[in-house]
Amino acid sequence: MILMSPSVFYIDPQSYSNLSRYDSGVLQNMPENSVVFYGSSLWDASPLRNTGMNLVFNYNKYRNPAIKGFSYLSSVFKIAHDIIKDRPKVVHIQWLRLFPIDWLFLKFLKSRGIKMIFTAHNILPHDSGTKFESEYRRYYQTVDRIIVHSPKTKEELIGKFGIDADKINVIPHGPLDIYNNEDEVRQRTEQLRRQYSLDGKIVFCSLGIQSPYKGTDLLIDAWLGSPELKDNRSCHLFIVGRNDGIDYSKIKAVDNVTVLDERVSDLDFTSFLRLSSVALFPYRTISQSGALFTAIQNRTPVLVSDAGGLSDPLSYAKVGWCLGQASAANIAKWLCRLVENQDELYSVQKDTDAFDTVNRIYSWDHISDMTLDLYNSLL
């Protein structure tokens, strides 16, 4: 247990939507008043009962880059003032938003002898190529500890940036508790099943923001290029979520595909998972996905690529399949295999022990305790 209060400042400038749920899960087992949370004014999860909450980040409300930057700087100054006043021993940061400000803040922390933890949800920003490599290398080499969500990401940090293995802690991601009213979920799931005439069909789904790094374009090419899928009335593909750079012009014309180019409600997100036979994660690059564990939490089998730690849960129990490297050919091969081998698909769906095993390993209780152990090791 952390002895001093408050000992840790936990900072997440993006703590809204799925990220607020992540923060809530990480912090749920912390000793009373040992952690002070600094997050976004857009926070939309339940209040944190055991920590102080300071929703100081407002930069998301502005479109003008200069105003956005000034707002972010102002929030960081507020936190720096509290650090001088309260003298925490550890600062844990979740995301970098404006690197020049984030770098100066890190140097400020180091000058005061404060231990600094950074969670590398992705080792570089999505779809950025090598643009930020030098900045992130400096940052990774300066912080005291780095949290990653899979052993593979740890290996990438060591190989790509020369980071000492001893400063990298693997702490899993957990499920995002999207919607918990079971009666409403059951009713909405059955409503969607009737609306799209899904009785007796194999249902595949890709949920969330649809973008190239998530392999949505590869999934579309796989479906369009396979008559066994495109012309098969016994299966249906849902692509649900806001579009971020994907061409839907050809796939929208296919009878057994439904594209919903919009941000759906939490109720619908959970309901689409529940009615799906398989949730698809053919990512090109990723460290780990909260949506993956949300699918597993809802006992929906998953088909994942070998990117990042997506296949890690499969090492504990068979809750789905790994297609290997993300490509249209591999996606098509595995989707066709599942359509042709429905007994295998159904056996995974019905294996409640397998889902219970994975859900226990990736529970927020376990993740929160691992994070607390890391805090204690630095105090």
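Values reported hereafter were calculated over all heavy atoms of this structure, with side chains retained and with hydrogens, waters and symmetry mates removed. Nothing fancy with the numbering, it's 1 onward along the sequence.
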Worksheet item: After noting the C-alpha distance and the side-chain angles of E155 and K152, does the key distance pass the salt bridge (Lys or Arg N to Asp or Glu O under 4.0 Å) rule?
Response: CA-CA 5 Å; E155 293 171 7; K152 186 177 288 187; over 6 Å; no
Can you list every pair that meets side-chain hydrogen bond (donor to acceptor under 3.5 Å, both in side chains) and has a residue in [range], with sequence neighbours left out?
range            : answer
residues 349-363 : R299-D356
residues 195-206 : S206-Q210
residues 301-322 : K318-E344, W321-E344

Discussion item. Run I79 and V56 through side-chain contact (heavy atoms from CB on, under 4.5 Å) and show every step you take.
Written reply: CA-CA 8 Å; I79 300 172; V56 299; 4.2 Å; yes
Distance check, rounded to the nearest 0.5 Å: [X] atom [atom1] versus [Y] atom [atom2]?
X    : Y    : atom1 : atom2 : answer
Q28  : D23  : CD    : CG    : 12.0 Å
I83  : D86  : CD1   : CG    : 9.0 Å
Y140 : I146 : OH    : CD1   : 6.5 Å

Give the minimum heavy-atom separation between [X] and [Y], together with the two atoms involved.
X    : Y    : result
L323 : P282 : CD2-CB, 4.4 Å
E135 : F99  : O-CZ, 3.1 Å
I251 : V257 : CG1-CG1, 3.6 Å
S327 : N330 : OG-N, 3.1 Å
T285 : Y213 : O-CD1, 3.3 Å
N60  : S40  : OD1-OG, 3.9 Å

Discussion item. Strictly distance-based, threshold 3.5 Å: is any side-chain N or O of S34 a donor or acceptor partner for the main-chain N or O of P31?
Written reply: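 Here the side-chain-to-backbone pair exists.
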State whether a side-chain donor-acceptor pair under 3.5 Å links [X] with [Y].
X    : Y    : value
T300 : N298 : no
Y22  : D12  : no
N122 : S287 : no
H236 : T258 : yes
S368 : T371 : no
N256 : W223 : yes
E262 : N243 : no
Y346 : Q342 : yes

Worksheet entry | Test log, rule ring-ring contact (aromatic ring centres under 6.0 Å, His included), inputs F37 and W43 | CA-CA 11 Å; F37 174 78; W43 174 271; 5.1 Å; yes
Worksheet entry | The single option from F9, Y38, F118, Y375 passing ring pair (Phe, Tyr, Trp, His ring centres under 6.0 Å) against H92 |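 Among the candidates, only Y375 passes.
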Practice prompt. Kindly write out the residues that satisfy side chain to side chain donor-acceptor pair (under 3.5 Å) with H149, not counting sequence neighbours, or none if the list is empty.
Written response: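 Only H121 meet the side chain to side chain donor-acceptor pair (under 3.5 Å) criterion with H149.
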Worksheet item: Listed by chain and number, what are the side chain to side chain donor-acceptor pair (under 3.5 Å) partners of Y72, not counting sequence neighbours?
Response: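 By the side chain to side chain donor-acceptor pair (under 3.5 Å) rule, Y72 matches D102.
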Practice prompt. Write out all pairs satisfying salt bridge (charged side-chain N to carboxylate O under 4.0 Å, His left out) with one or both partners inside residues 43-52, taking only residues at least two apart or from two chains.
Written response: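 Sorted result for residues 43-52: empty, none.
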Worksheet entry | Matching residue for M30 among D369, V8, L48, N50 - test: side-chain contact (heavy atoms from CB on, under 4.5 Å) |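 The passing option is N50.
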Worksheet item: When hydrophobic residues are tied together by side-chain contacts of less than 4.5 Å, even through go-betweens, does V319 share a cluster with V304?
Response: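 Yes, one cluster joins them.
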Worksheet item: With the threshold set at 4.0 Å, does a side-chain nitrogen-carboxylate oxygen contact exist between E340 and R337?
Response: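 Between R337 and E340 there is no salt bridge, as every charged N stays at least 4.0 Å from the carboxylate O atoms.
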Discussion item. Between F272 and F238, is the ring-ring contact (aromatic ring centres under 6.0 Å, His included) condition met? List the steps.
Written reply: CA-CA 8 Å; F272 275 113; F238 285 97; 5.2 Å; yes
